[in-house]
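One structure below.
What you are looking at is a predicted structure, and each value in this text was computed from that prediction instead of being measured.
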Amino acid sequence: MPALARVAPLVEPSKATAAFAADVLAGLQAERKTLPAKYFYDSAGSRLFERISQLPEYYPTRTELGILREHAADMAGRLPDQAALVEFGSGASTKASILLGAAPQLAAYIPVDISSEVLHHEADVLRRSFPRLAVIPVDADFCQLFEVPAELASLPRAGFFPGSTIGNFEPHEACTFLRNAGRILGRGAAFIIGVDLVKDRAVLHAAYNDAAGVTAKFNLNLLARINRELGANFNLKCFEHHAFFNRERSRIEMHLASIKRQKVKVLGETIEFRAGETIHTENSYKYTPASFSALARGSGWSVQALWTDANQYFAVYFLVNEPMSRAQRDT
Ligand code: AVI
């Protein structure tokens, strides 16, 4: 009997569950065990992330909000009249509200997300706050190419990607994402992106190892989710949260470490763990202003402006989709 049939005997597993199952098995059967970070965000994981973003040690959310509030007018002044602002992976629209409030010249806001319920709820909230703005959500995976709603297709576009989610992509994936965004937004378009910067190791370490243990819960929720949705039997007490800064790769790595030798049943397969063996669950790349500018340039965007906080913990970039000529690139 296929393993999934035991989990949900009466219904065909949805495409999403089948993809989740395939990714989980592939990751756990790999030589170096890994699980894709995108699966952190079920409803429990999203609530935990919300709590992380308010932790005293987790500086990115607070710092980016500060930069947006302080420089919204400058950012907004660079956006064209009657443009549509496309937010990639919108979730809660707190950050977009700051920008929209400073940019009355915008005609439309297009939040793009796969979590449809939050997307439509947030769209309603924004319609009430900005009655003159057309708010048209798009249910889509923002990492793939998607269509802008036909009724807004003729408007100039600007992109918005706050939260430093770009840091959760491998650099080559960040490049693909930026190139796709360039195709969606069009030549000459602006793109406002939040990027977490390299900083003191102790500050980084604390942000991913908070005293209240919320990040640990967030990490372990991935195993809880696999138990809930795929009928696995991970004992959460037998795994612990590890997070550290890998300076060579310029990234925080999150892992779940097995505290002993053990076997776990996942989708009918037995997964064996050595004591201390880890499942690599997330990378969070930290850029320098120079390294992110180079990534942006190599992906077809030029840097028009960059705002940061007093500690230089976080940066908000204003990019323009105008690839440099070969002559410019070579100089
Ligand atoms: C969503 N993303 C930018 C967070 C980060 O900092 O990389 C996810 C996160 N992981 C642990 N804490 C927060």
Checklist entry - Would you say Tyr313 and Leu197 make side-chain contact, with heavy atoms under 4.5 Å? => result no
Next on the checklist: So for atom CD, which belongs to Glu147, do other residues, nucleotides or ligands contribute more than 12 heavy atoms lying within a distance under 6.0 Å?
Outcome noted: no
Checklist entry - Hey, what do you get for CG (Leu35) to CG (Asp23), rounding to the nearest 0.5 Å? => result 9.0 Å
Next on the checklist: Membership question, hydrophobic clusters at under 4.5 Å side-chain separation (ILVMFWY): are Leu145 and Val138 in the same one?
Outcome noted: yes
Next on the checklist: Could you check whether any side-chain heavy atom of Met75 comes within less than 4.5 Å of a side-chain heavy atom of Leu99, counting everything from C-beta outward?
Outcome noted: yes
Checklist entry - What do the steps show when you test Thr281 against Phe40 for side-chain contact (heavy atoms from CB on, under 4.5 Å), and what is the final call? => result CA-CA 9 Å; Thr281 51; Phe40 278 135; 3.8 Å; yes
Next on the checklist: Assess the residue pair Val303 and Leu319 against the criterion (side-chain contact (heavy atoms from CB on, under 4.5 Å)); give the C-alpha distance rounded to whole Å, side-chain angles, the decisive distance to 0.1 Å, and a yes or no.
Outcome noted: CA-CA 5 Å; Val303 178; Leu319 307 178; 3.8 Å; yes
Next on the checklist: Assess the residue pair Thr17 and Ser14 against the criterion (side-chain hydrogen bond (donor to acceptor under 3.5 Å, both in side chains)); give the C-alpha distance rounded to whole Å, side-chain angles, the decisive distance to 0.1 Å, and a yes or no.
Outcome noted: CA-CA 5 Å; Thr17 308; Ser14 70; 2.9 Å; yes
Checklist entry - Please walk me through it: do His255 and Thr278 pass side-chain hydrogen bond (donor to acceptor under 3.5 Å, both in side chains)? => result CA-CA 6 Å; His255 295 253; Thr278 76; 2.8 Å; yes
Checklist entry - Do the side chain of Asp309 and the main chain of Asn311 share a donor and acceptor less than 3.5 angstrom apart? => result yes
Next on the checklist: Tell me whether Asn283 contacts the main-chain N or O of Glu170 through its side chain, where contact means a donor paired with an acceptor under 3.5 Å.
Outcome noted: no
Checklist entry - Are Ile259 and Ile271 linked, directly or through other ILVMFWY residues, by side chains that come within less than 4.5 angstrom of each other? => result no
Next on the checklist: With a 3.5 Å distance limit and no angle check, can you tell me whether Gln262 reaches the backbone of Cys238 through a side-chain donor-acceptor pair?
Outcome noted: yes
Checklist entry - When you measure from the side chain of Thr288 to the backbone N and O of Ser291, does any donor-acceptor pair fall under 3.5 Å? => result yes
Next on the checklist: Quick check for you: to the nearest 0.5 Å, what is the distance between Leu126 atom CG and Tyr109 atom OH?
Outcome noted: 6.0 Å
Item to check | Pairwise side-chain contact, Leu133 with Leu106, heavy-atom cut-off 4.5 Å (strictly under) | outcome: yes
Next on the checklist: Are Leu25 and Ile279 connected into the same hydrophobic cluster when the rule is that any two of I, L, V, M, F, W, Y join if their side-chain heavy atoms are below 4.5 Å apart?
Outcome noted: yes
Checklist entry - Should the heavy atoms of other residues, nucleotides or ligands under 6.0 Å from CZ of Arg261 be counted, would the total exceed 12? => result no
Checklist entry - Which of these passes ring pair (Phe, Tyr, Trp, His ring centres under 6.0 Å) with Tyr287: Phe292, Phe314, Phe169? => result Phe292
Item to check | Heavy-atom pair of closest approach, residues Leu306 and Ala315 | outcome: CD1-CB, 3.4 Å
Checklist entry - If you look at every heavy atom in Ala207 and Thr215, which pair is closest and at what distance? => result O-OG1, 4.1 Å
Next on the checklist: Between His242 and Glu240, is the side-chain contact (heavy atoms from CB on, under 4.5 Å) condition met? List the steps.
Outcome noted: CA-CA 6 Å; His242 283 188; Glu240 63 188 17; 3.4 Å; yes
Checklist entry - Side chains of Phe142 and Ile114: closer than 4.5 Å at any heavy-atom pair? => result no
Next on the checklist: Does Thr270 form a side-chain hydrogen bond (donor to acceptor under 3.5 Å, both in side chains) with Lys265? I'd like the steps, not just the answer.
Outcome noted: CA-CA 5 Å; Thr270 302; Lys265 273 264 185 218; 3.3 Å; yes
Checklist entry - Among pairs that include at least one residue of residues 48-71, which meet salt bridge (Lys or Arg N to Asp or Glu O under 4.0 Å), considering only residues two or more places apart or in two chains? => result Glu64-Lys95
Checklist entry - Are any side-chain N or O atoms of Glu282 and backbone N or O atoms of Asn168, one a donor and one an acceptor, separated by less than 3.5 Å? => result no
Item to check | Check against side-chain contact (heavy atoms from CB on, under 4.5 Å), Lys286 and Leu204 | outcome: CA-CA 9 Å; Lys286 308 302 170 191; Leu204 285 168; 3.9 Å; yes
Item to check | Heavy-atom check, side chain of Asp113 versus side chain of Asp139, under 4.5 Å | outcome: no
Checklist entry - Are Tyr317 and Phe161 an aromatic pair by the rule of ring centers under 6.0 Å? => result no
Checklist outcome for this item: CG (Asp210) and CD (Gln54) are apart, to the nearest 0.5 Å, by 12.5 Å
Checklist entry - Counting only heavy atoms not in Lys33, do more than 12 sit closer than 6.0 Å to its NZ atom? => result yes
Checklist entry - Any side-chain heavy atom of Ile52 within less than 4.5 Å of one from Phe218? => result yes
Checklist entry - Out of curiosity, does Phe245 fall in the hydrophobic cluster containing Val203 (side-chain heavy atoms, cut-off under 4.5 Å, transitive links)? => result yes
Checklist entry - Shortest non-hydrogen contact from Phe239 to Leu220? => result O-CD2, 3.8 Å
Item to check | From CZ (Phe177) to CG (Leu295), nearest 0.5 Å | outcome: 11.0 Å
Item to check | Flag side-chain contact, heavy atom, 4.5 Å: Gln105 against Gln82 | outcome: no
Checklist outcome for this item: Between Leu178 and Ala296 the two heavy atoms that sit nearest each other are CD1-CA, 4.2 Å
Item to check | Test log, rule side-chain hydrogen bond (donor to acceptor under 3.5 Å, both in side chains), inputs Asp196 and Tyr59 | outcome: CA-CA 10 Å; Asp196 197 15; Tyr59 61 84; 2.7 Å; yes
Checklist entry - Do Leu223 and Asn227 have side chains that get closer than 4.5 Å, going by heavy atoms? => result no
Next on the checklist: Less than 4.0 angstrom from a charged side-chain N to a carboxylate O is my criterion; do Arg128 and Asp124 meet it?
Outcome noted: no
Checklist entry - How far apart are the closest heavy atoms of Phe273 and Ser258, and which atoms are they? => result CB-OG, 3.6 Å
Checklist entry - Would a distance-only check, ignoring hydrogens and angles, find a side-chain to backbone donor-acceptor pair under 3.5 Å from Ser299 to Arg179? => result no
Checklist entry - Any chain of hydrophobic side-chain contacts (each under 4.5 Å) joining Leu119 to Ile184? => result no
Checklist entry - Would a distance-only check, ignoring hydrogens and angles, find a side-chain to backbone donor-acceptor pair under 3.5 Å from His241 to Tyr208? => result yes
Checklist entry - What are the two closest heavy atoms between Ile110 and Ala84, and how far apart are they? => result CD1-CB, 4.0 Å
Next on the checklist: Does His120 have more than 12 heavy atoms from other residues, nucleotides or ligands lying within 6.0 Å of its NE2?
Outcome noted: yes
Next on the checklist: A cation-pi test, strictly: NZ or CZ of Arg225 under 6.0 Å from the centre of the six-membered ring of Phe20 and no more than 45 degrees from its axis. Yes or no?
Outcome noted: yes
Checklist entry - Roughly how far, to the nearest 0.5 Å, is CG of Asp42 from CD1 of Ile226? => result 10.5 Å
Checklist outcome for this item: To the nearest 0.5 Å, atom CZ of Phe88 lies from atom SG of Cys143 at 10.0 Å
Next on the checklist: Between Arg187 (side chain only) and Arg183 (backbone N and O only), is there a donor and an acceptor less than 3.5 Å apart?
Outcome noted: no
Checklist entry - Sub-3.5 Å donor-acceptor pair from the side chain of Ser250 to the main-chain atoms of Asn246, do we have one? => result no
